[in-house]
*Asks:* 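Sharing a structure here in C-alpha cells format.
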Amino acid sequence: MAKIKLVHFELIALLQESKKLMDYLQKIGITEIEQTGCPDIVKYETDGIVRQFERYYEIAESAKNTVEQYCRIKRSFARSLRDYDYIEYRDFRLKFDKADEILSLCRDILKLSDEISAIRTEIIRLNTLIEYLKSWERLDIPMSSTRTGKTSIFIGSFKKELTAEKLKNELAVSLPETEGIEVQIIHATKLLTNVVVLCYIDDGDKVAAALKSLGFTFPDSPVKKLPSAAIKEYQEQIAQLEERKEEIIIQIGEYQSSYGDIRFVCDYFLAQIEKYKTLERAGSTDKTIYMEGYVPDKDSDDLKFELEKRFCCQIEFSEPDYESEDVPVLIENRSFAAGVESITDMYSPVSNRDIDPNPVMSFFYYGLFGMMLSDAGYGLLMVIAALVAKFRFKVEGSKKKTADFILYCGISTVIWGSLFGGFFGDLIPTICTSFLGMEKGPDLALWLSPLDNSVSMLLFSFLIGIIHLFVGLAMRFYTLCKRREYVAAVCDVIPVYVFVTGLAIIGKNFISPVSEKAKSVGMILLAAGAALIILTAGRSAKNILGKLGGGFYALYNTTTGYLGDILSYSRLLALCLVTGVIANMVNMMGAMFGNIILFVIIFILGHALNITINLIGTYVHTSRLQYVEFFSKFYEGGGKVFTPFRFHSKYHKFKEEPINE
C-alpha cells in the first residue's frame, strides 16, 4: 500500500455536542486534529485539566504497580508480549462513571504502600542503630552517663586502634601529675576504639582537654540506657514493624480483585489526557466548536456519513496544500515491508516529497542481513522464534512488525546459509568426522563456501553493492520524474549509471582479469560517463567556466564517492566470514575432548554467544548500508508522521470496528 493519501477536513458542530463528538472521534481513531488557524474563534485552555489528569494517571499507575508487587500477580511470557485485554467499547464506556470511585481506591492503596515505605525506612534506621550499638554492647552503664558522685565519666571513641595500657601512657604524658585515671576498652578494631575513661571529678576538665587533644569524640546520639537493653528494645520494635508490614501486605492483597478496574482507570486517564490535549487545538464560538485536520481519503466518505448522522455538524474535505502546509504522512505496508518501517523511521520519517522506500528497501535489507549472518541454523532459530511470537502468543502492533522483521531476516539467513553450506558452522561435518568415524563430512554448500572462495565472494559482494546503488539511483530517477523534474532525472542519474558501470568493469580487472573486449567496453563507458557528468553536472552555473568547474567537481565526487560506496560492501564478506569462522571454532573446541556431553555444552554456550554478537553486528551494518549507501541516493526524510486522535491505551483493545459501531 505504501503512502496513504490524506485529505484536509474542516468540521463545525454544536458546542453542546462537543463532548460526545470528541469521544466519538477518539473512539474511531482515524483523524489527526491540527492546531486551528482561524483567528475569529476562542481557543481552549486545557493545560490545568491535562496536568490534573496526569496526576491521576500517575496515582493509578503507581497503585497498579503496588498491587502487582505485593499480590504477586503472575505474568506468563505470552502475557508479557501481549499485556492487554480485549473489551467491547460499550463495556469500556459503562465503567467511566466508576473512575472517581476507582481513583479513591488507588489512593487507599498508595497510602498503604507509603506506610510500608515508612516502615522499611524505620527498620533500616533501627538496624543501623543496632549495628552501631553492638560495638558498645559490653558497656555496663548507660551511654549518656557523664559522672557519679565522685568521678567524671568519659564515654567515646578514637578513630584508631588502642589498648588500655597505650591510652593510659598517652594520658600520663599529657597529665603527669594527675592520678587515679582508669581506662576500659569496650570494643577495638583497626579503625575504631570505643573506650570508657574515669577520673576524679576535680580532674575532669583536665582529662577532657587531654582526651580531646588525642582525638577523642563523644557519641553522636548516646542512649540513656544500657546498650544491650537498647538493642533488645530496637529488635522488639523491628519485630512489631515487620508484623505491621505483613498486615498491610495482606490488606493490599484484598485489592487484587480490583486489579482489572485499576488497569481500566489507567487507560481512562490516558484517554482523558489525550482528549484534552487534542481539544486545545480546536476552537469555539458561543454555540459551535470548530476543528480541522487530516483523515485518510479512503475513510472520508464513511466519516462524513457517520458524523452527520450522529451529530448536528458539517464537515468539508479539501486537497492539502503540500507546499504551504506541514501535511503528515501515513504509511501502510504489508507485513514484508512493514517489518523494516522502524529501520526507516530511525533514520528519518518519510516526507511528502519522498516515495515510501520500505517496499524496495525491505528486499535489500532482508537479503543483505541474511548474507551477512549466513548460517542456516541461526536463521532457523530466528524463524521459529518469530513464528511462535506470531501464532502462539499472537503479538500485535509494533511487536507484530518486530516479529515479521525477525521472520523475514531469518528466512533470508536460512537461504543464504544453505547456499554457503553453513548450519551452526560446520556442525554436520564435525559430527561425522569426530563422532561417527568418517574421514570427511559432506559438503553442504549449494553454491559456494565463502571460506574457500573468498575472492569470488568479494566480487559477488561488490556486484550486490552496485545493484543496490543502482536501484537507489532508479528511485531517485522516479522521484524526480514524479516532481516533473525530467531534466534533473536524466542528467543526475543516467551519466552516473554509465560512469559507474565502466568503473566497475575496470575495477574488476584489478582483482580478476577480464577479457580485452570487456576492458575496452569499460573504458568507453568510463570515458562517456565522465564526459556526460562534466557536461551536465554544472548546468546550474551561469557561465561556461562555472559549468565546467561544477562538472569536474561532480566527477571527482562521483569517482571517490561511488568507489567508497562499492568498497563498503566488502563488509558482506567480512561479516559472513566472521560468523562462519567463529561457529567452526566453537565446533572444533567442542570436538577436541571427544566427549559428546562436553561437545553439547560448548556447542550451546559458544553458538549462543556467536549468534548474539553477530546478530547485533549484522543489524548495525545492514542498517548502515541502507542509511549511508542507499538512502543517500534519493531519500530526504524529515516528514511528519500521521498521528490520529485515538485511545492510546496500554491495557485494553476494542473488539469491534469502531467507525461502524
*Asks:* For residues V395 and A403, report the shortest heavy-atom separation together with the two atoms involved.
*Replies:*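 Minimum heavy-atom separation between V395 and A403: CG2-CB, 4.1 Å.
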*Asks:* Does K640, at its NZ atom, have more than 12 non-hydrogen atoms belonging to other residues, nucleotides or ligands within less than 6.0 Å?
*Replies:*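 Check passes, neighbour count above 12.
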*Asks:* I'd like to check the ring-ring contact (aromatic ring centres under 6.0 Å, His included) partners of F642; sequence neighbours left out, ordered by chain and number.
*Replies:*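 ring-ring contact (aromatic ring centres under 6.0 Å, His included) check on F642 returns nothing, list empty.
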*Asks:* Looking at CG of N614 and NE2 of H621, how far apart are the two atoms once the value is rounded to the nearest 0.5 Å?
*Replies:*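 Taking CG in N614 and NE2 in H621, the distance rounds to 9.5 Å.
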*Asks:* If I compare all heavy atoms of P176 with all of V173, which pair ends up nearest, and what's the gap?
*Replies:*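 Nearest heavy atoms, P176 then V173: CD-O, 3.8 Å.
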*Asks:* Should the pair R51-E54 be classified as a salt bridge under the 4.0 Å nitrogen-to-oxygen rule?
*Replies:*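 Answer for the salt bridge query: no.
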*Asks:* Could R125 and E122 be called an ion pair, given the rule that one side-chain N must be under 4.0 Å from one carboxylate O?
*Replies:*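 Counted as a salt bridge, because a side-chain N and a carboxylate O are separated by less than 4.0 Å.
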*Asks:* Taking 4.0 angstrom as the limit, do E115 and K111 come out as a salt bridge?
*Replies:*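 Salt bridge between E115 and K111, a charged N being under 4.0 Å from a carboxylate O: no.
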*Asks:* Verify whether the ring centers belonging to Y365 and F405 lie closer than 6.0 Å.
*Replies:*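 Y365 vs F405: aromatic centres under 6.0 Å.
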*Asks:* For S649 and L270, what are the C-alpha separation, side-chain angles and deciding distance, and is it a side chain to side chain contact (heavy atoms under 4.5 Å, CB included)?
*Replies:* CA-CA 7 Å; S649 58; L270 276 179; 5.8 Å; no
*Asks:* In this structure, are over 12 heavy atoms from other groups packed under 6.0 Å from R147 atom CZ?
*Replies:*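 It does not: R147 CZ has 12 such atoms or fewer within range.
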*Asks:* A quick test of your reading: do over 12 heavy atoms of other residues, nucleotides or ligands sit less than 6.0 Å from CG of D100?
*Replies:*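 Incorrect, the count does not exceed 12.
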*Asks:* May I ask you to check whether E233 and Q237 show a side-chain donor-acceptor distance below 3.5 Å?
*Replies:*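 Yes, Q237 and E233 have a side-chain donor paired with an acceptor closer than 3.5 Å.
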*Asks:* Do NZ/NE/NH1/NH2 and the carboxylate oxygens of E137 and K134 come within less than 4.0 Å?
*Replies:*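 Between K134 and E137 there is no salt bridge, as every charged N stays at least 4.0 Å from the carboxylate O atoms.
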*Asks:* Between D267 and R263, does at least one N-O distance fall below 4.0 Å, as a salt bridge requires?
*Replies:*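 A salt bridge is absent here (no side-chain N lies under 4.0 Å from a carboxylate O).
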*Asks:* Can you name the closest pair of heavy atoms from A60 and V265 and give their distance?
*Replies:*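 The pair with the smallest heavy-atom distance is CB-CG1, 3.5 Å.
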*Asks:* Which heavy atom of S348 sits nearest to which heavy atom of G638, and what is that distance?
*Replies:*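 Closest pair (atom of S348, atom of G638, distance): OG-N, 2.5 Å.
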*Asks:* If the condition is ring-ring contact (aromatic ring centres under 6.0 Å, His included), which residues does F96 pass it with, not counting sequence neighbours?
*Replies:*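 F92, Y268.
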*Asks:* Can you give me the closest heavy-atom contact between L226 and L139, atom names plus distance?
*Replies:*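 Nearest pair, atom of L226 first, then L139: CD2-O, 4.1 Å.
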*Asks:* With sequence neighbours excluded, give me every side-chain hydrogen bond (donor to acceptor under 3.5 Å, both in side chains) pair touching residues 166-182.
*Replies:*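 For residues 166-182: none.
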*Asks:* As an exercise, state the distance from OH of Y56 to SG of C106, rounded to the nearest 0.5 Å.
*Replies:*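 The distance works out to 12.5 Å.
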*Asks:* Can a side-chain donor-acceptor contact be found between Y276 and E280 if the only test is distance below 3.5 angstrom?
*Replies:*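 Note: E280 and Y276 side chains miss the donor-acceptor criterion.
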*Asks:* Applying ring-ring contact (aromatic ring centres under 6.0 Å, His included), can you list everything that pairs with Y44, at least two apart in sequence or on another chain?
*Replies:*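 Y44 satisfies ring-ring contact (aromatic ring centres under 6.0 Å, His included) with no residue once adjacent residues are dropped.
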*Asks:* Could you go through L615 and F369, starting from their C-alpha distance and side-chain angles, then the distance that decides it, and tell me whether this counts as side chain to side chain contact (heavy atoms under 4.5 Å, CB included)?
*Replies:* CA-CA 9 Å; L615 274 176; F369 186 101; 3.7 Å; yes
*Asks:* If you measure from CD1 on I273 to CZ on F53, what distance do you get to the nearest 0.5 Å?
*Replies:*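 Here the interatomic distance stands at 8.5 Å.
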*Asks:* Within a reach of under 6.0 Å around CD1 of I597, are more than 12 heavy atoms found that belong to other residues, nucleotides or ligands?
*Replies:*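 Counting other residues, nucleotides and ligands, CD1 of I597 stays at 12 neighbours or fewer.
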*Asks:* Within a 6.0 Å radius of atom NZ on K95, are there more than 12 heavy atoms belonging to other residues, nucleotides or ligands?
*Replies:*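 Enclosed: over 12 neighbouring heavy atoms sit under 6.0 Å from NZ of K95.
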*Asks:* How would you list, by chain and number, every residue that makes a side-chain contact (heavy atoms from CB on, under 4.5 Å) with E246, sequence neighbours excluded?
*Replies:*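 E246 satisfies side-chain contact (heavy atoms from CB on, under 4.5 Å) with I249 only.
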*Asks:* Looking at V197 and I181, what are the two nearest heavy atoms and their distance?
*Replies:*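 For V197 and I181, the tightest heavy-atom pair comes out as CG1-CG2, 4.0 Å.
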*Asks:* Could you go step by step and tell me if L25 and I33 meet the side chain to side chain contact (heavy atoms under 4.5 Å, CB included) rule?
*Replies:* CA-CA 10 Å; L25 290 176; I33 298 174; 4.3 Å; yes
*Asks:* Would F218 and F216 count as a close aromatic pair, with their ring centres under 6.0 Å?
*Replies:*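 Under 6.0 Å, so yes.
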*Asks:* Who pairs with K275 by side chain to side chain donor-acceptor pair (under 3.5 Å), at least two apart in sequence or on another chain?
*Replies:*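 Result, side chain to side chain donor-acceptor pair (under 3.5 Å) vs K275: D23, Q272.
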